[in-house]
Enquirer: 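Handing you this structure, nothing more for now.
Since this is a predicted model, take the numbers as computed values, not measurements. The sequence lines fix the lettering, A, B, ..., with proteins before strands; numbering per chain opens at 1.
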There are 2 protein chains.
Amino acid sequence: MSLTAKELLTIKGVKLTSQRLVITDYLMQTHDHPTADEVLAAVAEKLPMALSRATVYNTLNALVEAGVIREVLTEPGRTRYDANTSEHHHFVDINSGKIIDIPQEMLPNIEKALGEKYKVRSYTVTFYGDLNDESP
Amino acid sequence: MSLTAKELLTIKGVKLTSQRLVITDYLMQTHDHPTADEVLAAVAEKLPMALSRATVYNTLNALVEAGVIREVLTEPGRTRYDANTSEHHHFVDINSGKIIDIPQEMLPNIEKALGEKYKVRSYTVTFYGDLNDESP
DNA sequence: ACCTAGTTTAGATTTAGTCTAAATACAGAC
DNA sequence: GTCTGTATTTAGACTAAATCTAAACTAGGT
Ligand SMILES: [Mn+2]
Ligand SMILES: [Mn+2]
Ligand SMILES: [Zn+2]
Ligand SMILES: [Zn+2]
């Protein structure tokens, strides 16, 4: 029983607008990690009115700020967005560019590895490699 | 007994120019992880002739391609460069923005954690937190 | 229904990075 | 040491990601 976009925004204290709802809903549905332009392209047609590029950026920034989504950095110059806010990491298939979520539990605990000098608040692991589709 | 910039570029098969030498030398000296603009600002004065932004970008891209330096992604929209090519990761102090190298050996091995389906070629870990300067 | 603070908008602006094509300089051959 | 071909550098135009502006529009509370 998962939250709707409307419920999530309400819980997180983000004011509701049709633009925010459709953008949040799109990010919750997809397992991609789209860029702002990809969000704009995917979502524009679902709205009766025009959707401005500025609104997409405003919304994505507001959602990041509110903790509804996360930014994902896997390549220079393009910020990607992710509605999966569970603690997880990413595998980037270097052939297709596909980005796959890796639950934190799949990895050994590395948070404590740095010692007293470093108070780690969060960390991200990004793997780059070949996705073996033929694997059993 | 460490390599000079000239020796390193020669070994890596990068043609020598005064611009490439001074940029490589700067990156080898600093423990910062500068952006292209920071490289330009730091290096321009060390050359007798003008240094073009295009040359800085051309050089940084050539050095990455040749394996002399690495790109480091810690924040949206700005690519940073790192002449430390040993396997290592990064800690970002969220107060100062300072980026500190973390040797791979400090972390448990996570390369094998993903299993057969994922052939990991490389990975990067980025920690975000507070650097405790008062630590013993 | 009214009000108002917050949001959306088109377009201008900023910033990081790439491209162009002419001028220059490295490095190997002589 | 000179010649010469190719790679590199350059200034400036260009592209693309993201932000800013200030006017128009909503959402949602009264
Ligand atoms: Mn999922
Ligand atoms: Mn070092
Ligand atoms: Zn993800
Ligand atoms: Zn580093």
Enquirer: Measure CG/B/L21 against P/C/dA27 and give the value in whole Å, please.
Expert: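 Answer to the nearest Å: 9 Å.
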Enquirer: Specify the separation, in whole Å, of atom CD of B/E71 and atom C1' of C/dG17.
Expert: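 After rounding, the gap between these two atoms is 11 Å.
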Enquirer: So with a 6.0 Å cut-off around CD of B/E111, is the heavy-atom count from everything else above 12?
Expert: yes
Enquirer: Name the orientation class of the two ring planes belonging to A/H89 and A/Y123 (parallel below 30°, tilted from 30 to 60°, perpendicular beyond 60°).
Expert: parallel
Enquirer: Quick check: on DNA chain D, is the nucleotide nearest B/A54 upstream (toward 5') of the one nearest B/G77, or the reverse? Name the residue that is more 5'.
Expert: B/A54
Enquirer: Under 4.0 Å between a side-chain N/O of A/T79 and OP1 or OP2 of D/dA17, yes or no?
Expert: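 The answer is no; no side-chain N or O of A/T79 sits under 4.0 Å from OP1 or OP2.
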Enquirer: Please tell me if B/R53 has a side-chain N or O lying less than 4.0 Å from either OP1 or OP2 of C/dG17.
Expert: no
Enquirer: Using a cut-off of strictly less than 4.0 Å, decide whether B/Y57 has a side-chain nitrogen or oxygen near OP1 or OP2 of C/dG17.
Expert: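 Answer is yes, contact under 4.0 Å.
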Enquirer: Would you say A/N58 places a side-chain N or O within less than 4.0 Å of OP1 or OP2 belonging to D/dT19?
Expert: no
Enquirer: Using whole Å, report how far CG of A/L51 lies from P of D/dC25.
Expert: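 Computing the A/L51:CG to D/dC25:P distance gives 17 Å.
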Enquirer: Taking for each residue the nucleotide of DNA chain D with the nearest heavy atom, is it B/R20 or A/Y81 whose nucleotide lies nearer the 5' end?
Expert: B/R20
Enquirer: Taking only N and O in the side chain of A/T59, is any of them less than 4.0 Å away from OP1 or OP2 of C/dT7?
Expert: no
Enquirer: Roughly how many Å is it from CD in A/E38 to P in D/dA16, rounded to a whole number?
Expert: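 The answer, rounded to whole Å, is 14 Å.
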Enquirer: Any idea which heavy atoms bring B/E7 and B/L3 closest together, and the distance?
Expert: OE1-CA, 3.4 Å
Enquirer: If you compare every side-chain N and O of B/Q19 against the phosphate oxygens of C/dA25 (OP1, OP2), does one of them come in below 4.0 Å?
Expert: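 Negative; the distance criterion is not met.
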Enquirer: Under 6.0 Å between the ring centres of B/H88 and B/H90?
Expert: yes
Enquirer: When we call it a touch if two heavy atoms are under 4.0 Å apart, what does B/D37 touch: a base, just sugar-phosphate, or nothing?
Expert: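 Sugar-phosphate only.
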Enquirer: Within the structure, does a side-chain N or O atom of A/T17 lie under 4.0 Å from either OP1 or OP2 of C/dG6?
Expert: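 Checking C/dG6 against A/T17, no side-chain N or O comes under 4.0 Å of OP1 or OP2.
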Enquirer: Which part of the nucleic acid does A/T55 contact within heavy-atom distance under 4.0 Å: base, sugar-phosphate only, or nothing?
Expert: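 Here A/T55 touches the bases of the nucleic acid.
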Enquirer: Mind checking if B/A50 touches a base, just sugar-phosphate, or nothing, with heavy atoms under 4.0 Å?
Expert: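 Sugar-phosphate contact only - B/A50 comes under 4.0 Å of backbone atoms but never of a base.
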Enquirer: Just the rounded figure in Å: distance from P of C/dA16 to CG of B/L40.
Expert: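 Those two atoms, CG and P, are 11 Å apart.
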